[in-house]
Structures are given as structure tokens and as C-alpha cells.
Amino acid sequence: MSLLGSLSDRFGDAFEVLGLDRSFGEVVVSNRPDLAQFQCNGALPAAKAAGRNPREVALGVVDALASTDDLADVSIAGPGFINVTLTDEALAAHLARIAADPRHDVPRLRAEDIVIDFGGYNVAKATHVGHMRPTIIGDSLQRIARFLGHRVTSDIHLGDWGLQMGMLIVGVAERMPDLPYFDPDHEGAYPTESPVTLDDLAEIYPDVSARTKTDPSLAEAARKATLQLQSGRPGYRALWQHFVDVTLESQRRDVTALDVHFDLWYGESTVADRVDAMVDDLLEQGVATENQGAVVVEVAEPGDKTEIPPLLLAKSDGAALYTTTDLATLAMRVQDFGAKEILYVVDARQALHFEQVFRTARKAGYAPPDVVLEHIEFGTVNGPDGRPLRTREGGLPLLHDLLADARSAAMARMSEARIGADLSEAEREAVATAVAAAALKFGDLANHRTSNYSFDLDRFTSLEGKTGPYLQYAAVRIASILRKAADAGLGGGPPVAPTTDVERALVLRLATVPEIVLRAWDLRAPNHIAETAYEIAGAFNRFYEHCHVLGEEDPARQASWLTLVEGTLATLTRLLDLLGIRIPDRM
RNA sequence: GCCCGCGUAGCUCAGCGGAUAGAGCAACCGCCUCCUAAGCGGUAGGUCGCAGGUUCGACUCCUGCCGCGGGCGCCA
């Protein structure tokens, strides 16, 4: 059990002795380090609940506390705060524990099957700034979940089956009418080479989309093409496959460059052959009804604060929508994957859509009550004007370009500061690549996911401050000490009692990690991990200033410090890994 | 109009109903004969949008208002 966990347990026992709920015993790291290392505030709410005097309750708890020799001081302050300070020997013992534990004292949870959906990627769109948050946040969540012991399946869930496919088909037909894909009498195989590039598609889609708003016949043609694609028209299927292939090729490259991995590259179309049966089933169950030719599901409930419109399951022409495939996908994940939690990392504008899909899934029994369905919302990435980030031309900046900019900024910073001067050109480039990804990721994950944040490459790649590069640099310096120690034949040894506040503070920071990782997962909020990683780096840097490890003359103390250095590096490396940030060997 | 989110230092943002609201940047003052100064220490900077309420205690919970953003059935 973690340090805070076992302290909380002991305080819980003491509350129980007084006949009070043990949950009041929660102990946290003190927010008044000048007074104590830890605090338990439970006496106040406990006293309120029991109608007793808080100071008396606190006094009773302290009396009932099993006396052990690891507590240097337990005292009551203010209206009933209980302050706790451990002995230096106890801190050393705790350091020995976490340094020897590859999990840094973080518990393993009961494993569950979890699906994470990175919705938002679409055919015909290169990875752009709008994909950055779900990709970075979702990736961090999958790393955290796996570390806690869950079985995670991540799915990019490409948007590849809706009306925009029809728009692309008619757009290509307009431009290249002689292609065999449009000839209903075509026989044999279709060309293996795509007639269009992703750039072509990226130009065609907005053009057609805009024109359908004023041209009803074009809109009708797009609808019809969508339906025919979904019905299996061979030429359209073949052409569509090219759309998917050229899109995925580009998106795979971008996602890989960000050092993100998806287990599945499924799309809406993956469940295409399940849609009809599902609609029939919903009609049969009486969950869905026909309405003006369309199939809808009434999802409004009596207690609703606002009117929740019906979910549109099938258009009047019978075509599927993304709500249809989302629902079928949800059912598949529960049935085939045994998913107990499905997390949709999709921007906040789709809240209503998910509410409708989730309600329908519950009504239809596709998601039993014990299955968690959650929309993980996030805010926008803003430019200097406080509006969502755009390029000078008004388009959405591509992820590829953002990364390239971050990379050249990192290179420039390194040259300026004469960092990595002794590295080869290839090594410098590798470092710049790692720094660029870290800059973007930490710049994003340092913010709470629901808040909008302003994208500032200069700040994110900065040499100074609360940035990804700072954390990487801190880790590299730590590793450097260990490398030099190893060269000198020195290694870690049993921790001895700390004698300075910088040592104590560092151990205390490390001790908070288990609760922080659990909280980050509970709240789906990686920024808590980002914050703790930053605090640990800061605590280490203060230790680094005060305690010269390699120059220490007392061998026992030096060995103890090396253990502290190792434990810090292992923990920091883990936290950064949970954020998806890689540490270069040298910088 | 209704619903959701946001409003914290000059700027960018943290903040788990608890003690004196924190960090980074920018400003100012210091620290490299010593493990990487992309570092460390210090000073200054706040009616936590406004007004009520609940509570021993509110940035945190509730209500109203103001401001910004978003959503509201055959798009995704």
C-alpha cells in the first residue's frame, strides 16, 4: 500500500475506535509544509456529522492512533486539523520501498476491458490541429489505463461512411468522369493506383460540401452516391477504398510522428454489414419507430432539463448516418470485445450526439447497466487572438506542419543555448524530434482537458519554465549523474535518514505519485500527472543544487543519494511515459 | 429562447469543501574554480466576473445576473 494509503488506513482505524466512519481518516500531503509533512482534515466533517466538537474529535483520534515509532510528530492545529510529520528514518524506509518497486508504489487495479475511441479522424482530411487534443489526451489515457492494469483497445474510428463519402464520389466524378469507377458496365478489376491524392480530396470535399448548400441537385447526387456506396456498388466501393487508403497512409505517418499508437484502425464502415440487422432489431424491440419515412429513436426522458431530440437512425432513403454506425460500433465493442468501459475522446460539440447514442444503447440493451459509456470532452486549441487556431490563410494548421515548426524551433533553441554541441548532427536531429513532440504534448496536457488553451510554440519549446523540454532536460541531467556514477564504479545503496529539507521534500513528492495516477485516471485528467512530473523535477533540481552526489565524501550517504536519484529518474520516466513523452539519452 | 462549458496575478494556466489561492512567462535583484545554468534562490504583482445562499469553513457546492465560446432531428 502507498504511504498515504497506509497513513489513511491508520487514521481510519482511529476514527473507527471513536465510532466514526473510517473514510474520515484520509491523509494527504500537507499544503502547509512549514507546519507538517501530512495532514488529516477528517475531524472537522466527522465532528459535524456526529454533532461533536471538532477539536475533541481530533484529540480522540490522536489518542486512538496506534503508536508507532515512524511518527515524529502528530499535533492538532486550528479548528481541528491533524498535522503529521514522519521521522527521517521512516522517510528513508519509504524511499527504499519505492526505489525497489518498478511500479513506484502505484497499485494495479482489477483489470477491465476498455475501449478508447479517438473519433474525429475523417476520410479526406489530413491530421490537423483539431486532432491534436484527442490524440494526445486519448493516448495519455490509454497509457495510464494500461499502467493501472486495464486491457485497453484503442481505435482511431475513422469517419468513412457518411454523406461526405458521397460528396467525394460526385466531386471526383465531376473532375474525372471517364474513370471506370463510374461506369456501371465496367467489368473486371479496378485500377490499383488511386486516381486522387489526399490533397485532391482535401480540396474536393469542402468545394462540394459548400456547393451542396445552394445546389439541390448536387446534394441529391451526393445523397444518392452515399446510399449506393453503402449498398455495395462495386465501382464506388473500389473508389472509396482508394479514399480510405490515401487518407490512412497520411494519418498513420502523422500519428506515428507523434509517437502515438492505435490498436485498431477501424472506421464507421467496419460495422456496415451489421447496420441493417441492428435497425431491424431496434424496430422489432419497439425501441425505434418510423417517422416521416426515417427511422428514429425517441430518447427524451421525463427528468430532462432540455428537450433531447430523437436519434436519427436511418434517413428516409435508408442511408446510414454516423449515429447509426456509432451505435452499431458500440454494440460490437460490448458484444465482441467484452468492453466494460467505452471512452469517446471527442470534442465537446458532440455532447448531444453521445447522449442520444448512449440512451439508445441503454434502451436497446446493447450497453448493460454495468458498462460505462463516457464522452471525454475537451476544449479548443486557440491562436493568439483567442479564437481556434488557424493558419494565416484561414485553414486548419496541419499536425505535420506544427510538428515541423516545433522541431525547427527546438533545433534553433539548441543552437542558441549551445546545447548538444558535442552531439552528432543525427543525434541532434533525433533530440529535436523528441523535444518537439514533448513540447506539443506537455503544452497540451498541462492544461485541464476541458479548458481551451492558447497554442504558443515559443512558449512550449522554451528553454525555460514549465515545459516538456524542461522535464526532458531534468531527466537527462538525472540520468547523467547515474551514468557518471556507474563510470566511477558507484551504485545505489540502502537509504539513510535524510538530513536536509530538499531530500525530505523530494521523497514526499515521490510518495504522492500513487494517488495522483489514480486521480488522473478517475477524472480522465492527465494534467494532474503533468503537474506532479513538474513538481518532482523541481524538487530534484533543488536537491541537485544542494546535494552534490558525486562529490559526497560519506560513502553510505552517497549510496543512499544514488538510490534517491535512481528512484526519482524511474518515477519521472514513468510519469512522462504516461504523458506519452520520451526522454532522450542525452541533450 | 433553452441547454452545456468557461471567466483566478500584466500574459498563459493550475488548484482533490479546509489553514496564508499557486506555477510558468514577462519585470526587478542574486547564484556557474563544483554531477549539463534548458538550472536554482529572492522581490514585486490578486475585490478568484458580479450579487446572494448553504457551511464551523467556499476559488471549489447551490441560485440569479453579466461576459465569452459551443450545441439544439434527415451534416459530422
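What you see below is based on every heavy atom in this structure, not just the backbone, and it leaves out hydrogens, waters and symmetry mates. Letters A, B, ... mirror the listed sequences (proteins, then strands); counts begin at 1.
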Practice task
Could you tell me whether A/Phe543 and A/Phe540 have their ring centroids closer than 6.0 angstrom?
Solution key: yes
Practice task
May I ask you to say what A/Ser480 touches in the nucleic acid, namely base, sugar-phosphate or nothing, with a heavy-atom cut-off under 4.0 Å?
Solution key: base
Completion exercise
Separation of B/A14 atom C1' from A/Ile536 atom CD1, nearest Å, is 16 Å
Practice task
Indicate the ring-plane relationship of A/Phe354 and A/Tyr344, choosing parallel, tilted or perpendicular according to the 30° and 60° boundaries.
Solution key: tilted
Exercise for the section: Answer yes if the ring centres of A/Tyr322 and A/His353 are under 6.0 angstrom apart, and no otherwise. Expected result: yes
Problem - Rounded distance (Å) that lies between atom C1' of B/C56 and atom CD of A/Glu56 - result: 14 Å
Handout entry: A/Arg483 atom CZ, over 12 foreign heavy atoms within 6.0 Å
Key = yes
Exercise for the section: Please work out if A/Gly162 contacts a base, only the sugar-phosphate, or nothing of the nucleic acid, heavy-atom cut-off 4.0 Å. Expected result: sugar-phosphate
Problem - Nucleotide opposite B/A58 in a Watson-Crick or G-U pair, distances under 3.5 Å - result: none
Exercise for the section: Using a 4.0 Å heavy-atom cut-off across all strands, classify A/Asn527 as base, sugar-phosphate, or nothing. Expected result: sugar-phosphate
Practice task
Could you please name the partner base of B/A27, counting Watson-Crick and G-U wobble pairs only when both distances are under 3.5 Å?
Solution key: B/U43
Practice task
Please confirm whether A/Arg524 makes a cation-pi placement over A/Trp521, using NZ or CZ under 6.0 Å from the six-membered ring centre and within 45° of the ring normal.
Solution key: yes
Completion exercise
In whole angstroms, the gap separating P of B/G73 from CD of A/Gln292 amounts to 13 Å
Problem - A/His157/A/Tyr121 aromatic ring centres below 6.0 Å - result: no
Exercise for the section: Report which part of the nucleic acid A/Ser451 touches: base, sugar-phosphate, or nothing (heavy-atom distance under 4.0 Å, all strands). Expected result: sugar-phosphate
Practice task
Remember a base hit wins even if backbone is also touched, and classify A/Glu268 as base, sugar-phosphate or nothing at under 4.0 Å, heavy atoms.
Solution key: sugar-phosphate
Practice task
For A/His548 and B/C34, say yes or no: do the ring centres fall under 5.5 Å of each other while the ring planes differ by less than 30°?
Solution key: no
Exercise for the section: Report yes or no: is the ring centroid of A/Tyr473 under 5.5 Å from the six-membered base ring centroid of B/G39, with the two planes under 30 degrees? Expected result: no
Practice task
Mind checking A/Val28 for me? I need base, sugar-phosphate or nothing, with any heavy atom below 4.0 Å counting as a touch.
Solution key: nothing
Practice task
Among A/Glu531, A/Glu535, A/Glu503, find the one that has a salt bridge (charged side-chain N to carboxylate O under 4.0 Å, His left out) with A/Arg509.
Solution key: A/Glu535
Problem - Protein-nucleotide distance (A/Asn452, atom CG; B/C13, atom P), rounded to Å - result: 8 Å
Problem - Separation of the C1' atoms in B/C4 and B/C56, to the nearest angstrom - result: 34 Å
Problem - Under 3.5 Å donor-acceptor pair, A/Asn83 side-chain atoms to B/A19 base atoms - result: yes
Practice task
Check every strand shown and say whether A/Arg519 touches a base, only sugar-phosphate, or nothing at a heavy-atom separation below 4.0 Å.
Solution key: base
Fill in the blank from the handout: From the candidates B/C72, B/C25, B/A23, the one with an atom nearest any side-chain atom of A/Tyr534 is B/A23
Practice task
Could you tell me whether a side-chain N or O of A/Arg55 sits under 3.5 Å from a main-chain N or O of A/Gly78, the two making a donor and an acceptor?
Solution key: yes
Exercise for the section: With syn defined as a glycosidic angle within 90° of 0 and anti as everything else, classify B/C32. Expected result: syn
Problem - Closest nucleotide among B/C72, B/C56, B/A38 to the A/Leu44 side chain - result: B/C56
Practice task
Check every strand shown and say whether A/Lys466 touches a base, only sugar-phosphate, or nothing at a heavy-atom separation below 4.0 Å.
Solution key: sugar-phosphate
Exercise for the section: Whole angstrom is fine here: how far is it from CD in A/Gln39 over to C1' in B/A19? Expected result: 8 Å
Fill in the blank from the handout: Of the listed B/C3, B/A14, B/A37, the closest approach to the A/Thr306 side chain comes from B/C3
Problem - A/His131 (side chain) donor-acceptor with A/Gly120 (main chain) under 3.5 angstrom - result: yes
Practice task
State which of B/G73, B/C35, B/A76 makes the closest approach to the side chain of A/Val296.
Solution key: B/G73
Exercise for the section: Using a 4.0 Å heavy-atom cut-off across all strands, classify A/Ala294 as base, sugar-phosphate, or nothing. Expected result: base
Problem - Sugar-phosphate, base or nothing in reach of A/Pro45, heavy atoms under 4.0 Å - result: base
Handout entry: Residues A/Arg407 and A/Glu429 bridged, charged N to O under 4.0 Å
Key = yes
Exercise for the section: Would you classify A/Leu163 as touching base, sugar-phosphate or nothing, given that sugar-phosphate means primed atoms plus P, OP1 and OP2, and contacts are heavy atoms under 4.0 Å? Expected result: sugar-phosphate
Practice task
Select base, sugar-phosphate, or nothing to describe what A/Leu321 touches, counting heavy atoms under 4.0 Å on all strands.
Solution key: sugar-phosphate
Handout entry: A/Tyr470 side chain, from C-beta outward: closest of B/A38, B/G71, B/C74
Key = B/A38
Exercise for the section: Give a yes or no on whether a donor-acceptor pair under 3.5 Å exists between the nucleobase atoms of B/A38, that is its base, and the side chain of A/Gln472. Expected result: no
Practice task
For A/Ala319, report the nucleic acid contact type (base, sugar-phosphate, nothing); a contact means any heavy atom under 4.0 Å.
Solution key: nothing
Exercise for the section: Give, ordered by number, those residues of residues 374-383 of chain A having at least one heavy-atom distance below 4.0 Å to an atom of RNA chain B; if nothing qualifies, reply none. Expected result: none
Practice task
Specify the separation, in whole Å, of atom CE of A/Met167 and atom P of B/C75.
Solution key: 8 Å
Exercise for the section: Would you kindly give the CD-to-P distance between A/Glu535 and B/G22, to the nearest whole Å? Expected result: 13 Å
Practice task
Using a 4.0 Å heavy-atom cut-off across all strands, classify A/Cys547 as base, sugar-phosphate, or nothing.
Solution key: base
